[in-house]
*Asks:* 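Sending over a structure as structure tokens; questions will come in a sec.
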Amino acid sequence: MNIISRNELITLYHASKSGIHGAIAPISREQCDFGKGFYVGTDRKQPLTLICNYPKAKIYIFLRN
């Protein structure tokens with residue numbers, strides 16, 4: 001596990017089966033692994049595995065420091 005320092009630039013990834021429409025809000029299904037939320041991660045491959053078979057899928061990249 002890597003610890004992110006306070007001023008380190010990090011890249012976060014989010015995947016969507018049909019794209020994000022409107023404001024981002026924690027309105028996901030209750031049955032998600034970690035409950036409702038807007039999930040992002042630091043490994044680009046992980047969200048891609050969730051959307052690879054969806055023709056309108058999108059991946060979003062967020063830069064944060």
*Asks:* In the structure I gave you, are the side-chain heavy atoms of Ile59 and Arg44 within less than 4.5 Å of one another anywhere?
*Replies:* yes
*Asks:* Show, in sequence, the C-alpha distance, side-chain angles and deciding distance for Ile61 and Leu12, and conclude whether the side-chain contact (heavy atoms from CB on, under 4.5 Å) test is met.
*Replies:* CA-CA 6 Å; Ile61 301 170; Leu12 300 172; over 6 Å; no
*Asks:* In chain order, what residues pass the side chain to side chain contact (heavy atoms under 4.5 Å, CB included) check against Tyr60, with sequence neighbours excluded?
*Replies:* His14, Ser16, Ile20, Lys58, Phe62
*Asks:* How close do Tyr13 and Asp43 get, counting heavy atoms only, and between which atoms?
*Replies:* CD1-C, 4.0 Å
